[in-house]
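Whatever order the structure lists ligands and atoms in, that order sets their numbers, starting from 1. For the single chain, residues carry numbers from 1 onward in sequence order.
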Amino acid sequence: MTSIRKAVLPVAGLGTRVLPATKSVPKEMLPVFDRPAIQYVVNEALEAGIEHFVFVTGRNKGAIEDHFDRAYELEASLHQKNKANILKELEAERPPAGSMSFVRQQAPLGLGHAVWCARDVIGDEPFAILLPDVIVKAAPSCLAQMTAIHEEKGGNIIAVEAVPWDKVDQYGIVAPESRENRTVRMSGMVEKPKRDEAPSNLSITGRYILQPEIFSVLESQDKGAGGEIQLTDAMATLMERQDFFALEYEGTSYDCGSKQGYLRAFLQFALSHEEEGSASLETLRRVLDENNA
Ligand code: G1P
């Protein structure tokens, strides 16, 4: 089975749900404790063996490109101060030179359109998509769990998880048909259905492994939910002629595109940090005390 070498990260969104924090800072660059949100997503992909990252970007997103570049002055200064540990950490989390491409979406026409903008760089091979609003805490990483299933079964794979029924209208929702352990065969999927029209409460988490044929479907995809070109609609079409699996991955997702989801991610990664975890817990307890909570 072909291994998954390339990943698309759509980062053109404006981050309106976390304004004013995102007025001049890309939402993907907001720190989740000690690294920008996007770093967790890139680390997840690196763990899954991704070799090339395609960022679908827009205006005011230059900080993302800078973050993954080398910073010579900073590195020289850290060398001088013998900060070997930080230097090692920076290097481990920076994909090698030439392994990142940046393409512009140009107009906010929807997730399906953003993915389609990566078509030339992806070419004719199966690839991954990671939506950077969502950070997934999992071991092995969510995408690594998916690539393992892909090696075995091929086809297309999306990560799914159960959400409360009153939230199904915020997600892509799948119609499960049969199940083998955590792998679910589907009969369909729908983007942001009303509660009483949703086929289940299994939502699409924002991690995908897709075959390149998705691009020709996206090419002529009509607008769907919210007046946007939806990836979910294109996948539903491709499902008519290709194998599609949903994986109920093991782990927890955090929606950093919303203020409370972002706060939850921040607290989780502060509390589970290898060196800073116990100090973070003390700080959190202090803040709770200060609020008589
Ligand atoms: C997108 C997808 C949706 C998916 C969600 C996960 O929606 O269109 O299918 O469930 O991400 O976060 P968005 O959050 O961009 O509206």
Side-chain angles (χ1 to χ4, degrees), residues 7-19 22 26-28 32 37-38 40-41 44 55-58 105 107-118 128-138 142-143 146 156-176 184 186 188-195 197-210 214 217-218 221-239 244 246-249 251-262 264-265:
V8 176
L9 288 84
V11 293
L14 295 175
T16 45
R17 288 191 294 154
V18 275
L19 275 168
T22 47
K27 61 177 169 177
E28 297 81 9
V32 174
I38 189 81
Y40 292 90
V41 180
E44 174 188 339
F55 290 83
V56 181
T57 170
Q105 190 182 4
L109 299 178
L111 177 60
H113 176 257
V115 170
W116 178 75
C117 289
I129 304 169
L130 300 99
L131 306 190
D133 271 359
V134 183
I135 296 180
V136 185
K137 194 169 192 302
C142 180
L143 190 63
M146 295 168 71
N156 300 266
I157 301 175
I158 56 177
V160 296
E161 64 190 84
V163 291
W165 276 94
D166 62 348
K167 295 217 161 68
V168 291
D169 63 350
Q170 296 175 19
Y171 298 94
I173 299 290
V174 305
V184 180
M186 297 168 284
M189 56 177 90
V190 50
E191 182 68 15
K192 303 193 172 75
K194 291 191 189 120
R195 183 188 171 138
E197 285 164 15
S200 77
N201 66 339
L202 272 187
S203 79
I204 301 173
T205 302
R207 300 292 185 268
Y208 313 76
I209 290 175
L210 298 179
I214 194 74
V217 182
L218 284 168
Q221 183 62 53
D222 289 333
K223 289 178 179 168
E228 297 189 336
I229 298 171
Q230 295 292 353
L231 180 61
T232 304
D233 295 342
M235 291 193 297
T237 303
L238 190 58
M239 196 187 282
F244 252 91
L247 174 67
E248 257 195 281
Y249 70 96
T252 310
S253 71
Y254 299 86
D255 174 14
C256 292
S258 78
K259 286 183 188 175
Q260 292 309 318
Y262 171 65
R264 204 159 70 85

**Request:** Determine, step by step, whether M189 and I158 satisfy the side chain to side chain contact (heavy atoms under 4.5 Å, CB included) criterion, reporting the C-alpha distance in whole Å, the side-chain angles of both residues, the deciding distance to 0.1 Å, and the verdict.
**Result:** CA-CA 11 Å; M189 56 177 90; I158 56 177; 3.8 Å; yes

**Working for side chain to side chain contact (heavy atoms under 4.5 Å, CB included), residues L231 and I214** = CA-CA 9 Å; L231 180 61; I214 194 74; 4.3 Å; yes

**Message:** Quick one, C256 with D133, criterion side chain to side chain contact (heavy atoms under 4.5 Å, CB included). Give me CA distance, side-chain angles, the key distance, then yes/no.
**Reply:** CA-CA 5 Å; C256 292; D133 271 359; 5.7 Å; no

**Message:** Does D169 form a side chain to side chain contact (heavy atoms under 4.5 Å, CB included) with K194? I'd like the steps, not just the answer.
**Reply:** CA-CA 5 Å; D169 63 350; K194 291 191 189 120; 5.8 Å; no

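Contacts with ligand 1 closer than 4.0 Å are made by heavy atoms of both the backbone and the side chain of I204. Residue-level proximity to ligand 1 for E191 is carried by the side chain, the only part with a heavy atom below 4.0 angstrom.
Using a 4.5 Å heavy-atom cutoff, the side chains of F55 and I38 are in contact.
The T232 neighbourhood of ligand 1 comprises atoms 9 (O), with distances under 4.0 Å to a heavy atom of that residue. Atom numbering of ligand 1 starts at 1 in the shown order; those under 4.0 Å from a heavy atom of Y171 are 10 (O). Of all atoms in ligand 1, listed by their number and element, those nearer than 4.0 Å to a heavy atom of L111 are 2 (C), 8 (O).
Residue-ligand proximity: K192 is placed with a non-hydrogen atom under 4.0 Å from ligand 1. The shortest heavy-atom distance from L131 to ligand 1 is under 4.0 Å. For the ligand labelled ligand 1, residue D133 lies outside the 4.0 Å heavy-atom shell.
Taking a distance limit of 4.0 Å, we find that atom 14 (O) of ligand 1 is approached by no protein heavy atom.
Judged by distance alone, with hydrogens and angles left aside, the side-chain atoms of E191 form no donor-acceptor pair with the main-chain N or O of D233 at under 3.5 Å.
No salt bridge links D255 with K167; every basic N to acidic carboxylate O contact stays at or beyond 4.0 Å.
Summarising the geometry, atom CD1 belonging to I129 is positioned 4.5 Å from atom CG belonging to L210; distances are rounded to the nearest 0.5 Å.
The shortest N or O to N or O distance between G172 and ligand 1 is below 3.5 Å.
Distance from atom 12 (O) of ligand 1 to its nearest protein heavy atom, with residue and atom name: V134 CG2, 3.6 Å.
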